[in-house]
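Note that ligands are numbered from 1 as they come in the structure, with each ligand's atoms numbered from 1 the same way. Scope of the values below: all heavy atoms of this structure, side chains included, with no hydrogens, waters or symmetry mates.
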Amino acid sequence: MEWKIKGIRGALSGEVRVPPDKSVSHRAIMFGAISRGTLRISNFLFAEDCMRTFEAFREMGCEIKKQGNDVVVNGVGLKGLRASQKDLYLGNSGTTMRIISGIIAGAGLPAVLTGDKSLSGRPMGRIIKPLKEMGAGISGTDGDRPPLKIEKISGTLKPIRYVSPVPSAQVKSCVLAAGLYAPGITSVTENFQSRDHTERILEHFSAEIKREGLTTSVTGQKELKAADVSVPGDISSAAFFISAASVIEGSEMILRAVGLNPTRTGMLDVLSRMGADISVLDKRGGIEPEGDIRVRAASLKGTVIKAEEIPLLIDEVPAIIVAASRARGETRINGIGELKVKESDRVKCMTENLKLMGYEIFEEEGALVVPGGGGTLKGALLNSYGDHRIAMSMAVAALMADGETLIRDTACVDTSYPGFMRDLESVKK
Ligand code: S3P
């Protein structure tokens, strides 16, 4: 599949209700499946990545049903999962592979976890190490890459106090998930705060979670109690519209019911300090807070993004880069290491695509520099590199460009935002 996008003369205006949050949808199934009782997940994200989680837990004997836009899960309790009869294929979903490994290892079940080409190239050493320390038999292929093999164990894992060398919610969640099965307290200390959806949903399911600064602990071997979950809109999907409407002159958009968990809203803070006109209307509470976001075009200035801000906006960096290209003055993005091990090497892919459009960004002293300066991008033949967020960010760049852009290999967008093009078309004026 490919997208042909013409640069627009007009503005973006109107409303979009972005798809449900991917991270929350994954966790609602994963932790719902191992809780006791039945839960309804309303506004579940029926996109490729979350369907891999959905199918994987069905393979392990959990009854999970689609009901309209909702999913109903009959939790089987901590000990109720059974080994899958076949390899679990997890597609493009790093979140599924990393968190499910903690659950499967904790449950003592054997499994082989496989993925697509992109997932097969992603580092798993970050979860293999703590899980081995807990006593799991887990190994990768060619070092630490998928497929992952998890061996059956007869006893239980040991609780650990893990200091994570990478700022990653997936690693934190994997260790906490395994800790649910270990006798005693398992804790994870991060260097920077990462998204806390796991902590919130486990608290909602009555787990004993303690948070002290950058350390989160869970008391193991305590059954989780199923409770309904309502999934907010995904701010990472809203990001493309927020970025586009901030820089395309005359634009005004409202993004409805977007998740506003403070560990996910780094992009709003960064763009606001760049001078963007963003306001949150009608913020509502819940396990995950949500609200409507209004964005009006403004004149942006460059900024410095600190390494500790990165986990709070990790998936939004490609969209931020596109907005920053239009700012007065340079934007310097520190702490970009993790961006290189996402669905693609996002630093490389953004650099190459923007270069094809006549715009240069570059690395300097470990930071990614976007020189700003406006200028006009020119339409070009681009590649998504099989990465949904690269495809959508380049679609925003294409709107800002002169002439026509062709983006190849865009089926990957189905992993998080199947209706993206339709929504984008609906707000072009
Ligand atoms: C996710 C965490 C982030 C993010 C990913 C989803 C999650 O990864 O990039 O898209 O749901 O926990 P890391 O925590 O590994 O940075």
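Heavy atoms from other residues, nucleotides or ligands lying under 6.0 Å from CG of Asp282 number more than 12.
For ligand 1, the atoms sitting less than 4.0 Å from at least one non-hydrogen atom of Asp315 are 4 (C), 5 (C), 9 (O), 10 (O), numbered in the order shown with element in parentheses. For ligand 1 and Thr95, the ligand atoms under 4.0 Å from any heavy atom of the residue are 1 (C), 6 (C), 7 (C), 11 (O). In the vicinity of Ile314, heavy-atom distances shorter than 4.0 Å reach the ligand 1 atoms 9 (O).
Counting only heavy atoms of the protein, atom 14 (O) of ligand 1 lies nearest to Ala169 N, 2.6 Å.
Under a 4.0 Å N-O distance rule, the pair Asp234/Arg264 qualifies as a salt bridge. Look at Lys340 and Glu363 and you find a salt bridge, because one of the NZ, NE, NH1 or NH2 atoms lies within 4.0 Å of a carboxylate O, short of that distance. Looking at Asp292 and Lys283, no side-chain N of the basic residue comes within less than 4.0 Å of a carboxylate O on the acidic one, giving no salt bridge. Under 4.0 Å is where a charged nitrogen must lie from a carboxylate oxygen, and between Glu343 and Arg389 no such pair does.
The aromatic ring centres of Phe57 and Phe31 sit 6.0 Å or more apart.
Contacts of Lys342 with ligand 1, taken as heavy-atom pairs under 4.0 Å, involve the side chain alone. Heavy atoms of Arg27 found under 4.0 angstrom from ligand 1 belong exclusively to the side chain. Neither the backbone nor the side chain of His26 comes within contact range of ligand 1; no heavy atom lies under 4.0 Å.
Within the cation-pi definition used here (under 6.0 Å to the ring centroid, within 45° of the axis), Lys66 qualifies as a partner of Phe46.
Considering backbone and side-chain N/O atoms, Gln170 comes within less than 3.5 Å of an N/O atom of ligand 1. Taking only nitrogen or oxygen atoms, main chain and side chain alike, Ser168 reaches within less than 3.5 Å of ligand 1.
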